[in-house]
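Below are the structure tokens for one structure; questions will follow.
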2 protein chains.
Amino acid sequence: MASTIDDVARAAGVSTSTVSYVLSGKRPISAPTRERVERAIQALGYRPHAGARALASSRTDVLALMAPLRVDVDVAVIMQFVAGVVTAARTFDHDVLLLTSDEIAGMERVASGSMVDALVVMDVEAEDPRVPLLGRLSQPAVLIGLPRDPGPLSCVDLDFDAVGRLAVQHLADLGHRRIALIGSPRAVMERHTSYAERIIDGFTHGVAAAGLEGVVEPCESSSVGAADAVDRVLARLPDVTALVVHNEVALPWVLATLRERGRDVPDDISLVAVSPPDVALGQPLPLTSIDIPAHTIATVAVEMAMARVLRAEPAETRLLAPRLVLRASTTPPHA
Amino acid sequence: MASTIDDVARAAGVSTSTVSYVLSGKRPISAPTRERVERAIQALGYRPHAGARALASSRTDVLALMAPLRVDVDVAVIMQFVAGVVTAARTFDHDVLLLTSDEIAGMERVASGSMVDALVVMDVEAEDPRVPLLGRLSQPAVLIGLPRDPGPLSCVDLDFDAVGRLAVQHLADLGHRRIALIGSPRAVMERHTSYAERIIDGFTHGVAAAGLEGVVEPCESSSVGAADAVDRVLARLPDVTALVVHNEVALPWVLATLRERGRDVPDDISLVAVSPPDVALGQPLPLTSIDIPAHTIATVAVEMAMARVLRAEPAETRLLAPRLVLRASTTPPHA
DNA sequence: ATGAAAGCGCTAACAG
DNA sequence: CTGTTAGCGCTTTCAT
């Protein structure tokens with residue numbers, strides 16, 4: 001155990017470089033030689049030393065992922081992103097080094113220390129202080145989210161502006177005239193988290209364009225928080241007929257509160273959830289929803305990162321178009 | 001940018017080794033020399049190359065964390081573990097490489113490739129196939145959970161057997177005679193996930209010891225799953241007066257179902273939650289709960305790992321004693 | 001208290 | 001198609 005490339009070379013009766021090349025495939029090797037080398041590798045249980053390889057090749061085969069590990073909203077969504085990034089990274093033979101969002105210095109540390117080939121950063125805010133920092137690193141970075149000025153960085157995200165519009169559109173098409181958006185906790189809004197602001201923009205503009213009445217309420221991620229938000233909506237717009245809910249944790253409580261207030265879904269109030277499909281389906285009533293395709297976004301993020309690492313491709317911004325899945329929680333409003 | 005230790009040495013007018021030693025503190029350096037070196041480091045923005053360091057020292061300053069990134073139960077708990085491990089690792093100047101539970105080969109890859117100094121493995125099952133593999137690695141491993149035979153590995157976990165007993169004890173003390181445990185999804189049970197089985201053992205033995213009637217029901221993590229579980233309990237034990245619920249996702253729905261079935265908490269049915277405190281407090285009624293101290297467990301896991309890396313301490317198993325926090329959801333049963 | 005130098009294990013010219 | 005060899009940037013004896 002713990003053999004080196006030279007051990008393998010000796011055992012196979014070839015030179016070090018030959019072993020290196022059968023491993024990397026960077027030059028043609030005759031079938032018999034390759035055979036002998038592979039046998040030796042097997043026999044010795046040889047594994048290249050990652051540090052040595054990184055030192056010699058200046059590639060680490062590791063991706064940094066900066067994720068918000070607070071227990072805010074969307075734990076499930078965050079987990080799906082993280083799982084998606086890890087899975088996608090593996091398809092490029094990369095591993096994932098996990099950083100938390102609250103340790104900004106971590107980016108600098110792992111990048112300048114040449115621990116990673118690229119960085120993927122989640123939960124980006126409009127004026128995110130990490131963005132200028134990331135721009136100065138020698139490794140490429142991909143943002144999940146959309147800062148006001150991405151500079152030289154790549155970005156991917158669901159087009160939350162389009163999400164807001166699409167939800168409004170769907171409800172307007174059904175004939176609703178007074179609708180509300182129940183969104184993220186106030187703290188998330190105040191951080192100017194990009195998705196939270198963009199969905200509001202889309203909603204607001206959609207409402208204006210369709211000539212509807214619409215209100216927006218933040219919503220804390222708890223039972224009382226949800227009840228409060230619903231009550232504020234009902235106070236501001238007593239004859240509201242539809243809700244867009246973008247808060248996974250609050251969703252069950254929003255439903256519970258509506259029931260308590262005597263409003264049936266969908267008979268009295270239609271509801272569009274913005275959430276992963278499993279959350280929309282786990283409720284007592286399957287909810288019409290706009291999917292947050294965490295897995296796809298994560299995959300695209302990793303692909304963009306690898307494209308820059310492997311092929312030095314330029315930065316780009318990709319916004320994924322939302323899709324609405326019709327389920328049981330939306331109907332035309334009853335007269 | 002991208003300067004080497006030799007650049008620093010030259011700039012400071014000292015030898016390479018001197019720079020290395022001011023960095024590591026492994027031998028005394030005169031104040032003025034240290035001063036000059038530190039200035040040079042600042043001036044050049046020098047960062048040691050992680051790969052080179054790993055190659056020369058055979059230490060990586062990286063910990064592997066194998067986490068179950070499925071969207072099963074307990075996403076919030078898993079996130080807390082992960083966040084806790086990352087935070088604790090940082091206090092030892094280590095970073096965290098994230099592996100998913102479903103890629104067993106990952107352990108071998110990162111360990112044999114000398115990418116990490118130690119491994120922390122979550123969500124261990126009674127007969128976990130990873131355990132024997134981990135035992136053969138040259139790096140130490142710490143399990144979060146308790147396999148039947150840990151071999152040479154360290155283990156940490158909440159003492160779930162004691163959790164079961166403590167919950168029963170509390171309810172028995174209040175005067176309850178017929179109680180139920182609503183637990184993990186069937187799939188989790190069938191994997192023989194260690195915590196799920198241990199809490200059942202504790203519950204069952206506690207019930208027997210106190211001469212109570214008790215039933216155990218698995219519970220899927222959804223609205224219908226929770227309703228089913230509650231209904232099965234009510235069918236098997238119609239005059240049940242207390243519930244222990246160990247399923248974070250189902251918790252809101254269990255409460256909702258009880259209300260629908262006309263059972264008030266705590267007037268008709270007392271409820272003990274086994275969950276992180278924030279979940280117990282996020283419900284409409286603050287729940288009496290036995291805390292899952294994810295952060296503490298994570299910290300201990302990392303400390304054990306580092307103790308083995310730094311001081312070659314022997315493996316040990318540590319089970320954390322549970323604490324019950326009395327809140328509003330448990331009372332003596334009404335006549 | 002400091003320096004010189006021998007590796008650590010691998011990659012990638014360069015040379016056949 | 002294969003071998004030789006010079007580094008990659010750092011740690012750590014061994015000297016002084």
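In the text below, chain A, chain B and the rest are named by the order of the sequence lines, each starting its count at 1. These values consider heavy atoms only, across backbone and side chains, with no hydrogens, waters or symmetry-generated copies.
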Q: Consider the side chain of B:Thr4, meaning its heavy atoms from C-beta on, and name the nucleotide among C:dG9, D:dG9, C:dT11 that approaches it most closely.
A: D:dG9
**Q.** Donor + acceptor pair across side chains of A:Ser57, A:Arg53 (<3.5 Å)
**A.** no
Q. Checking all strands, does B:Leu23 fall into the base, sugar-phosphate, or nothing category for heavy-atom contacts under 4.0 angstrom?
A. nothing
**Q.** Estimated bend of the helix from C:dA1-D:dT16 to C:dG16-D:dC1 (axis per five terminal pairs, rounded to 10 degrees)
**A.** 30°
Q. Want to settle it: does B:Leu55 or B:Gly13 sit nearer the 5' end of DNA chain C, counting the closest nucleotide to each?
A. B:Gly13
**Q.** Rounded distance [0.5 Å steps], CG in B:Asp159 versus CZ in B:Arg318
**A.** 13.0 Å
**Q.** Residues which pass side chain to side chain donor-acceptor pair (under 3.5 Å) with B:Arg36, listed by chain and number, not counting sequence neighbours
**A.** none
Q) Has B:Lys26 got a side-chain N or O lying under 4.0 Å from the OP1 or OP2 atom of D:dT11? A) no
Q | side chain to side chain donor-acceptor pair (under 3.5 Å) partners for B:Thr193, two or more places apart | A | none
**Q.** Results of salt bridge (Lys or Arg N to Asp or Glu O under 4.0 Å) for B:Arg136 - residues two or more places apart only
**A.** none
Identify each donor-acceptor pair in which a side-chain atom of residues 7-14 of chain B lies under 3.5 Å from a protein atom, sequence neighbours left out, and give them as a table.
| residue | atom | partner | partner atom | Å |
| --- | --- | --- | --- | --- |
| B:Asp7 | OD1 | B:Arg10 | NH1 | 3.4 |
| B:Asp7 | OD2 | B:Thr4 | N | 2.8 |

Q: For A:Arg34, check salt bridge (Lys or Arg N to Asp or Glu O under 4.0 Å) against everything at least two apart and list the hits.
A: A:Glu38
Q: With sequence neighbours excluded, tell me which residues meet ring-ring contact (aromatic ring centres under 6.0 Å, His included) with B:Phe81.
A: none
Q.
Rounded to the nearest 0.5 Å, what separates atom OG in A:Ser154 from atom CD in A:Glu316?
A. 6.0 Å
Q: In whole angstrom, give the distance that lies between atom NE2 of B:His49 and atom P of C:dC10.
A: 15 Å
Q. Can you name the salt bridge (Lys or Arg N to Asp or Glu O under 4.0 Å) partners of B:Asp149, sequence neighbours left out?
A. none
Q: Send over the distance from A:Asp6 CG to C:dC8 C1', rounded to a whole Å.
A: 11 Å
Q. Across the strands shown, which category fits A:Thr33 at heavy-atom distances under 4.0 angstrom: base, sugar-phosphate, nothing?
A. sugar-phosphate
(Q) Counting only heavy atoms and a strict 4.0 angstrom limit, can you tell me which residues of residues 34-42 of chain B come near DNA chain C? (A) none
Q) 5'-most contact on DNA chain D: A:Pro28 or B:Thr18, nearest heavy atom basis? A) A:Pro28
Q) Atom CZ of B:Arg53 and atom C1' of D:dG9: how far apart are they, to the nearest Å? A) 11 Å
Which atom pairs link the protein and nucleotides 4-7 of chain C when you take only N or O atoms and keep those under 3.5 Å?
| residue | atom | partner | partner atom | Å |
| --- | --- | --- | --- | --- |
| C:dA4 | N6 | B:Ser17 | OG | 3.2 |

Q. Toward the 5' end of DNA chain D, which comes first, B:Ser57 or A:Ser57, by nearest nucleotide?
A. A:Ser57
**Q.** Nearest-angstrom distance from the residue atom CD1 of B:Ile5 to P of D:dG9
**A.** 12 Å
Q: Calculate the interatomic distance between B:Asp7 atom CG and D:dC8 atom P; express it in whole Å.
A: 11 Å
Q: Under 4.0 Å between any heavy atoms, over every strand shown, what does B:Ser20 touch: base, sugar-phosphate, or nothing? Just pick one.
A: base
Residues 293-303 of chain B side chain polar contacts: donor-acceptor under 3.5 Å, at least two apart:
| residue | atom | partner | partner atom | Å |
| --- | --- | --- | --- | --- |
| B:Thr299 | OG1 | B:His295 | O | 2.8 |

Q.
What is the separation between atom CE on A:Met115 and atom P on D:dC10, rounded to the nearest whole Å?
A. 14 Å
(Q) If the condition is side chain to side chain donor-acceptor pair (under 3.5 Å), which residues does B:Ser101 pass it with, not counting sequence neighbours? (A) none
